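This structure is a prediction, so every number in the text was calculated from the model and none was measured. Nothing fancy with the numbering, it's 1 onward along the sequence.
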Amino acid sequence: MTNNSKLPALLLAGLAIGAAAYYFFGTEEGKKTTDSLAESLKDISESLKDKANETIANVKDKVNSI
């Protein structure tokens, strides 16, 4: 496959990425969606952090009891 045969696929991929970027950053609904996703990711990361700290504390307790 030559570079010329890849050009239409690359052009379509670029257009799709550009359209998605416009939606998420250029429209009010996209900004709301982005904010909602960011909030969800923040909640998930806090939950994972709490679970990791709990697991570390449990391991420390078991090591100390041995």
Side-chain angles (χ1 to χ4, degrees):
M1 200 145 91
T2 65
N3 285 341
N4 289 339
S5 64
K6 294 180 183 179
L7 184 62
L10 292 173
L11 181 62
L12 287 174
L15 287 171
I17 291 169
Y22 170 76
Y23 172 76
F24 284 116
F25 301 112
T27 64
E28 194 62 37
E29 186 176 333
K31 289 176 186 176
K32 288 178 185 175
T33 301
T34 303
D35 290 343
S36 175
L37 287 171
E39 186 65 33
S40 294
L41 288 173
K42 181 181 175 185
D43 292 345
I44 290 169
S45 68
E46 288 176 2
S47 175
L48 287 173
K49 184 174 124 181
D50 292 343
K51 185 68 175 171
N53 287 334
E54 181 182 316
T55 302
I56 290 169
N58 288 339
V59 169
K60 284 181 180 180
D61 288 344
K62 289 187 184 213
V63 167
N64 288 335
S65 68
I66 294 175

Review item, side-chain donor-acceptor pairs of residues 53-61, under 3.5 Å, at least two apart:
residue, atom, partner, partner atom, Å
N53, ND2, K49, O, 3.4
T55, OG1, K51, O, 2.9
N58, ND2, E54, O, 3.4

Side chains of residues 15-33: which donor-acceptor pairs under 3.5 Å do they make with residues two or more places apart or in other chains?
residue, atom, partner, partner atom, Å
Y23, OH, E29, OE2, 3.4
T27, OG1, Y23, O, 2.6
T27, OG1, G30, N, 3.0
T33, OG1, E29, O, 3.0

Query raised in the report: Hey, mind stepping through E39 and D43 against side chain to side chain contact (heavy atoms under 4.5 Å, CB included) and telling me if it holds?
Result: CA-CA 6 Å; E39 186 65 33; D43 292 345; 3.5 Å; yes

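- The other members of the hydrophobic cluster of I44, by chain and number, are L48 (side-chain heavy atoms under 4.5 Å, ILVMFWY only).
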